[in-house]
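First the structure, in the form of C-alpha cells, and then the observations on it.
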There are 2 protein chains.
Amino acid sequence: MATMKDISKKANVSIATVSAVVNQSAFVSPELTDRVNKAIEELNYRPNAIARSLKKKSTNTVGVILSDILNPYYPAIVKGMDDVAINNNFSVILCNTSNDKSRFLSYLDVMEEKRVDGLILANISTQEDLLELEKRRLNFVLVNRRPPGYNTSYVGVNNELAIEIAVDHFSSLGYKRIAFIGGNSEISTSKERLNGFVKGMKKNGLQISNSLIFQGEYTQDSGYASVIKMLKEVQVLPEAICASSDLIAFGVIKALREQGIQVPEDIAVMGNDNNHFSGEFLVPLSTINHPTYEMGKLGMEMLLQGISEGANHYPKQIILTPSLVVRESCNFAHREKVITK
Amino acid sequence: MATMKDISKKANVSIATVSAVVNQSAFVSPELTDRVNKAIEELNYRPNAIARSLKKKSTNTVGVILSDILNPYYPAIVKGMDDVAINNNFSVILCNTSNDKSRFLSYLDVMEEKRVDGLILANISTQEDLLELEKRRLNFVLVNRRPPGYNTSYVGVNNELAIEIAVDHFSSLGYKRIAFIGGNSEISTSKERLNGFVKGMKKNGLQISNSLIFQGEYTQDSGYASVIKMLKEVQVLPEAICASSDLIAFGVIKALREQGIQVPEDIAVMGNDNNHFSGEFLVPLSTINHPTYEMGKLGMEMLLQGISEGANHYPKQIILTPSLVVRESCNFAHREKVITK
DNA sequence: GTGAAAGCGCTAACAG
DNA sequence: CTGTTAGCGCTTTCAC
C-alpha cells in the first residue's frame, strides 16, 4: 500500500509537503498541491492512521464498555454515542462484558494497550470497579450507573425521581398497598430506584411493607420469579406493583396473568424505562420514559470535550429527567376490594 | 508512560530482550525474565499496541458495519461477533450507518485508514455498495444481507425458506387467501422473503394476488401503513397475513386491531425473525426463528479465519436454517367466512 | 541467549 | 513555501 514516501517520489516533492496537503496543515502552492493530489489519486493512497497515532499520541478512538447489549436499554445509548463520535471523527470500540468481571478487566487492558483516547462505561456501580478503572491512565466518563459518592464526569437519569413519579401516579389513582420489584441491589440504578420508591411512598403517606419489596435482576425472568415468590409468601396481595424496569414489569405481568390475576383490573403495574415495545406489550405498559439516546449522546459529548480540553477540563454531572407515560397497565378505576388468597 | 526502552534500562537488558519476554517470542533466561518482569511491574508498563501494529502491519481490530442498531434484529448479532472477537484477542469497532449512504462511505474510509484487519458488513444489498467495498483493500465477510449473485464469504439465514415455512403453516391451517407485507424491496433479505412467499404459495397450490402484496420498510410504522393501505384498496380482505419481519407484524396487528379486526379470529398473522418480545406482544406472535446470535458468531469466525489464513483462505457461505415458532397469532380454527367491507 | 540497529509511516521542528 | 531530519514505540533480523 502506498505511503507518503511513494507519493512524494511520484509527485517530486518532499514527504513533508505531502503531509501538509493531506492534513491541510500548512499552505502549499496550488501547483504542488495539484501534483500531490494527482499522485494520491493514481496510487490510491490512504493515510495510515496507525502511524499518525503513534506520532501524535492520540488515536481518535474511544472505547465503550457496557454490560449487556441484549438489554434493550442500551442500543439507543450506543446509537447516541456513535452519532456524536462519527461527527467528531472518532471511532468507537464496543465492549460487551456480558456481566463478566474478568472480561471487563481484560477489556480495560486492551483499551489501555490500544491507547484509546477515552472510555465511556455504562457498567460501573462499585467502588471496586471504579478503582480498577482509575488504575489505568484513561480519560473516562460514566454513564447510567455510578458508584456511591462518585461525583465527577457522569451522565445518567434521575432514577430516584423516576420511581417517585411512578408512586405519585399510583397514589393519585388511589392505590395504597404498593409492591416494589427491583433489580440487582449491587447496581447503582437499582438502589436509586428503590430509594425513590421509599421516598415516594413516604411523601404520599403510604405505608411501606418490607414483605412487598423484592430484588432480583433486570430481566423478565427475574420479574416473573419475584411475583411467584410474592404469591407464595404474602397473605394480602398488593393493589399495585412498581417494577424497577420494563423488562421486570413484563415478567411481572406474565406471572400475574398466568396465575389468573388481571392487569390492571386486579393489580396495577407500572414499568420503568419505556422499552421500545412497552406500548405493545400484552397489556400496554404505563411506564416512565428515560431519554436513553440523549444519555449516550451527552455522554460521548462530555468525553470528547474532556479529551480535547485535557487538564483544563472542568468535570460535571448531567442528570436527565424522566417522565410519566400513561398507557393501560394501571388505569383501572381503583376498587376498594382487597385480594386475599 | 513507560516504554520498552525504559524497561530495558531499568532491568539492564536490551530492548530486544524486553520484547522477547513481553511477547514470549523467544527464550530468555529465567534470571533476565525476572528482572524484566519486575521492571514492568514497577513502571506499570503497558505495551503500546499502536506501535506494534505499525510494525506488524496488523491491528487485531475489525470493523462491524450495520444499518441500524435500534432494530432488535442486530444486538444479538453484535453480541455473537463480540464474543468471538474477544476470545481471539480482537476488538470490534462498531459503525452504525443509520441507513445513510454517505455515512457508510465515510465509515469505509475510516476503517481503511485505521487499518482494520477486516470488516463484517450487515448492510450490503446492492452491487453498487459491494463495488464500493471492493475498492478498498479489505478483508471482509457479509452477513445477513448480500447483493444478487454474490457468492463469496457470507453468513445469513435462509430467508426464502423462512417465509415458505410460514406459508406452509398457514396452508396446513387451512388459510388460502394470504397477503404478504414486506420490507424495502432494495434489501436482499426482503427480496428473498418475497420469493419465499411466492414459492410457498405455488407449492401449496394457493393463488397469489398481486393486490395483496405490499412492500415498505422493516419497521412497525411501515407494517401499520401497509395494512391501512390494504384496507382502503382491497375488496376482499385476506384470511391471513404473512409479515416479512416481526416488527412489520407488530404494525400489522396494531392497525388491524385499531380497525376492529381481531387477530387471529378475523385475520391470522405470522411474523418473521422471532424478535425478543414477540412472545409477549399484544397477541403473542407466531413467527419464524432466526438464529441471529449464531449468525454473528459464525460471521466473526469466518472473518478471523480469513484473516489468519490470508491468501490460502477458501471462501464459503453459511446459510442458517430458520424454524417455526407457533404462538397465538394464527392458531384460530379457520372459518370459511369471507370478510368484505 | 542476548544485544545492536534498521525501519514500520507519519508529524513537526527546523533550516533554508 | 518547501525540504531534511529526528523520532513516536515496537519487532525482527543478524551478529556476537
Side-chain angles (χ1 to χ4, degrees), chain A residues 1-40 43-61 89 109-117 137, chain B residues 1-40 43-61 89 109-117 137:
Chain A
M1 198 145 155
T3 71
M4 280 197 171
K5 204 165 151 194
D6 299 328
I7 305 298
S8 76
K9 272 186 200 148
K10 180 125 194 163
N12 232 303
V13 297
S14 83
I15 203 174
T17 303
V18 179
S19 176
V21 354
V22 167
N23 299 299
Q24 313 204 46
S25 52
F27 185 92
V28 178
S29 69
E31 189 192 359
L32 289 203
T33 303
D34 250 35
R35 260 160 50 198
V36 169
N37 281 329
K38 211 157 290 169
I40 286 178
L43 297 184
N44 196 5
Y45 167 78
R46 287 267 170 217
N48 183 328
I50 298 297
R52 171 185 287 149
S53 288
L54 180 59
K55 182 71 195 176
K56 309 233 319 185
K57 294 170 177 307
S58 79
T59 51
N60 270 41
T61 109
N89 234 306
D109 285 347
V110 175
M111 290 305 97
E112 201 177 356
E113 294 184 0
K114 292 212 166 140
R115 299 298 192 267
V116 294
D117 294 335
R137 300 134 278 202
Chain B
M1 197 142 158
T3 71
M4 280 196 171
K5 203 165 153 193
D6 300 326
I7 304 298
S8 76
K9 271 186 201 150
K10 180 123 191 163
N12 232 302
V13 297
S14 82
I15 213 175
T17 302
V18 178
S19 175
V21 353
V22 166
N23 300 299
Q24 313 203 46
S25 52
F27 183 91
V28 178
S29 69
E31 191 190 359
L32 290 203
T33 304
D34 249 35
R35 262 160 48 200
V36 169
N37 280 330
K38 212 157 288 169
I40 287 178
L43 298 184
N44 196 5
Y45 167 78
R46 287 265 171 220
N48 183 326
I50 298 297
R52 170 184 288 150
S53 288
L54 180 58
K55 184 67 195 179
K56 308 228 328 182
K57 295 170 176 309
S58 79
T59 52
N60 270 42
T61 109
N89 236 307
D109 285 347
V110 175
M111 292 303 98
E112 200 176 357
E113 294 184 359
K114 292 214 165 140
R115 299 298 193 267
V116 294
D117 293 335
R137 300 133 278 200

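Owing to the predicted nature of the structure, the values given are computational and were not obtained by experimental measurement. Letters A, B, ... are given to chains in the order of the sequence lines, protein chains preceding strands, and every chain is numbered from 1.
If you take CD1 of B:Ile40 and P of D:dC10, they are 10 Å apart, rounded to a whole angstrom. Regarding B:Met4, its CE atom lies at a distance of 10 Å from the P atom of D:dT12, rounded to whole Å. Rounded to an integer number of Å, the gap from A:Arg46 CZ to C:dC10 P is 13 Å. Spacing between atom CD1 of B:Ile7 and atom P of D:dT11 amounts to 13 Å, rounded to whole angstrom units. Atoms CD1 (A:Ile50) and C1' (D:dG9) sit 13 Å apart, rounded to a whole Å. Distance B:Asp6 CG to D:dG9 P: 8 Å, rounded to the nearest Å. Between the P atom of D:dT11 and the CD atom of A:Glu113 lies a distance of 11 Å, rounded to the nearest Å. D:dC10 atom P lies 8 Å from atom CZ of B:Arg52, rounded to whole Å.
Considering only the side chain of A:Asn48, C:dC10 comes nearest among C:dC10, C:dC8, D:dT2. The side chain of A:Leu32 lies closest to D:dT2 when the candidates are D:dT2, C:dC10, D:dC8.
Summarising the geometry, atom NZ belonging to A:Lys9 is positioned 11.0 Å from atom CG belonging to A:Leu43; distances are rounded to the nearest 0.5 Å. In this structure, CD on A:Glu112 lies 10.5 Å from CG on B:Asn48, to the nearest 0.5 angstrom.
Taking all atoms of both residues into account, the shortest heavy-atom contact from A:Ser19 to A:Ser25 is O-OG, 4.0 Å. Nearest heavy-atom pair across B:Glu113 and A:Arg46 is CG-CD, 4.2 Å.
Counting only heavy atoms from C-beta outward, the side chains of A:Val22 and A:Ile40 approach each other to under 4.5 Å.
Of the residues in residues 11-26 of chain A, those placing a heavy atom less than 4.0 Å from an atom of DNA chain C are A:Ala16, A:Ser19, A:Asn23, in numerical order.
Checking side-chain atoms of A:Asp6 against main-chain N and O of A:Thr3 turns up a donor-acceptor pair under 3.5 Å.
Distances shown here put a side-chain N or O of A:Ser29 below 4.0 Å from the OP1 or OP2 atom of D:dT2. Contact between the side-chain N/O atoms of B:Lys57 and the OP1/OP2 oxygens of C:dG9 is found at a separation under 4.0 Å. A sub-4.0 Å separation between OP1 or OP2 of D:dG9 and a side-chain N or O of A:Lys55 is absent.
Among the atoms of the strands shown, none is found under 4.0 Å from any heavy atom of B:Lys5.
Between B:Val28 and B:Lys56, it is B:Val28 whose nearest contact on DNA chain C lies nearer the 5' terminus.
For the 3.5 Å distance criterion, the side chains of B:Asn23 and B:Arg52 qualify, holding a donor opposite an acceptor.
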